[in-house]
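Scroll down for the structure; my scribbles are underneath it.
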Number of protein chains: 2
Amino acid sequence: MSAMSNTNQIDDVKKLFSDYLVNNGHRQTPERISILSEIYDQDNHFSVELLYIIMKNRNLSISRATIYNTIELLIDCGLIIKHQFGKNIAQYEKSYAYKQHDHLICMDCGKVFEFCDPRIHQIQKTTEEMNNLKIVKHSLNFYGKCNTLEENKSCKYIISNKV
Amino acid sequence: MSAMSNTNQIDDVKKLFSDYLVNNGHRQTPERISILSEIYDQDNHFSVELLYIIMKNRNLSISRATIYNTIELLIDCGLIIKHQFGKNIAQYEKSYAYKQHDHLICMDCGKVFEFCDPRIHQIQKTTEEMNNLKIVKHSLNFYGKCNTLEENKSCKYIISNKV
DNA sequence: CTTATTGCAAAGTGTTTGCATCTTA
DNA sequence: TAAGATGCAAACACTTTGCAATAAG
C-alpha cells in the first residue's frame, strides 16, 4: 500500500516515535524502540502475548509490562491501532502508511480479511453532522464463514488476508 | 420500536426460547426462564456481572456459571446480541423486535448511543458479492466525544441513548 | 544524580471448567 | 431414574499494579 520501501518505512516510523517521546517528556529506551521495530516487522494482527513470545524467541530481553506500557504510547501517537474482534483478547496492527480498511472475520477459524469501502465515510460524515460531534474513529467488522472464501482471488477491495 | 406491549413481548420471547430449548434437546429450567425475563426487563446494555448483581439484589438464586451458559443459548437462538465496545468486557442487549442499529460510543464516559443508516446494508451486500460468502452479522461502532452531544435532541437517526 | 522506566511477581478482572448435587423429562 | 443443568470454587487468560533495581537525560 505504501510507495516506500520497508527500510525507509521503519526509519520514518522510528523518527516519528522518537519525536513523540521527546515532545511528550518520555524517555527513549532501547525496549521501546525494539518493540516498535518488532511490530513493524509483523505483517499480521497480533496480541500482546504473541508479541511477547516472538520477542522472547528472538532472545530479546523484555517484559509483558513494558509491552503493555509501550503499546499505550504507540496507540497515543497513532502508530498502531487496537481492535477487539469479539473476543476478550485485544488485537493490534501497525497503522503508519497503511490504507484505512475494515475487517471481515471468519466465525469458524478466526481468520481476518481486510477490505475497504468509501461509503463508510459517508455514513460517518452523516452521523457526525446529525449529532454535532467529532467522530474520532470507527470500527466496522463483518462476520461470516470463510470456507467459501478463496484466499488468493484478486479483488481490488481485499487489501490482504491475515490470520 | 415494537408495536407490541411489553407484556406481550415477554410472552412471545418466552415462547420462542421455550421452543428453541425443546427443539434443541435442552431442558426448560426456572433459572433459564428467569434470566431471559431479567434481560428483557433491562433497557440498557448489560454485562454478565451487572446482570448477576441485579438478580442477586432481587434475591434470585443464580450463579454466574448459569448466566454464562444461558447467555450462550440466548445468543444462539437470536434473542440477545453480544458486543465488545473496545473493552475486555462483553456487553449484551436484547434483540427481539428491536430495530437493527449500530453504536456511537463516547470515548470519555463510555455512554452508548444508537443510530441506524441504511447504507451499511449496501456495503454489506457489496462485500458479500465481492467475496462470494454469506455475511452473518456486522458490527459498526463510531467513537467520539459526547460533551458536544445533546442527549435529548430529537433526531430520527438516534433511536435511544443508553449507558 | 534524579526520576522515569524496567521487570518481576502479585493482584485484579472477566470468563471457563470440574465436579458433586440437584432436577427435568 | 438417567442425562442434563446448577452452583460453587478453582483454574484460566489477559491485563494492571506495586515496588525494588536500573538507566536515561
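Only heavy atoms go into these numbers, but all of them, side chains included; no hydrogens, no water, no symmetry mates. In what follows, every chain begins at residue 1, and chains take the letters A, B, ... in the order their sequences are listed.
Rounded to whole Å, atom C1' of C/dA4 lies 12 Å from atom CD of A/Glu31. Look at CD on A/Glu72: it is 18 Å from P on C/dA4, rounded to the nearest Å. Remark: C1' of D/dC14 and CZ of A/Phe46 are 15 Å apart, rounded to the nearest angstrom. A/Ile67 places its CD1 atom 14 Å from the C1' atom of C/dC8, with the value rounded to the nearest Å.
Picking from C/dG7, C/dT15, C/dT24 the nucleotide with the shortest atom distance to the side chain of B/Ala90 gives C/dT15. The A/Ile62 side chain lies nearest to C/dG7 when the options are D/dT6, C/dG7, C/dT15. Comparing C/dA25, C/dT15, D/dA24 against the side chain of B/Gln28 picks out C/dA25 as the nearest. Nearest nucleotide to the B/Ser61 side chain, out of C/dG14, D/dA5, D/dG7: D/dG7. In this structure, of D/dA5, C/dG14, C/dT24, it is D/dA5 that holds the atom nearest to the side chain of B/Asn69. For B/Thr29, the side-chain atoms get nearest to D/dA5 when compared with the rest of C/dT6, D/dA5, D/dG25. The side chain of B/His26 lies closest to D/dA5 when the candidates are C/dT6, D/dG25, D/dA5.
Within the structure, a side-chain polar atom (N or O) of B/Tyr68 is placed less than 4.0 Å from OP1 or OP2 of C/dT15. Between C/dT13 and B/Asn88, no contact under 4.0 Å exists linking OP1 or OP2 to a side-chain N or O. Between A/Thr66 and C/dG7 there is a side-chain polar atom (N or O) within less than 4.0 angstrom of OP1 or OP2. Taking 4.0 angstrom as the limit, A/Arg32 places a side-chain polar atom (N or O) nearer than this to OP1 or OP2 of C/dT5.
With hydrogens and angles ignored, the 3.5 Å screen pairs a side-chain donor or acceptor of A/Ser95 with a backbone N or O of A/Leu79. Using modelled atom types, one side-chain atom of A/Asn24 and one backbone atom of A/Tyr20 make a donor-acceptor pair closer than 3.5 Å.
In the interface, the side chain of A/Arg27 is paired with the base of C/dA4 through a donor and an acceptor atom under 3.5 Å apart.
Residue A/Leu73 is the one, among A/Leu73 and A/Ala65, whose nearest nucleotide of DNA chain C lies closer to the 5' end (criterion: closest heavy atom).
Donor-acceptor pairing under 3.5 Å is recorded for the side chains of B/Glu93 and B/His45.
The pair B/Asp19-B/Lys15 meets the salt-bridge criterion, with a side-chain N (NZ, NE, NH1 or NH2) lying under 4.0 Å from an Asp/Glu carboxylate O.
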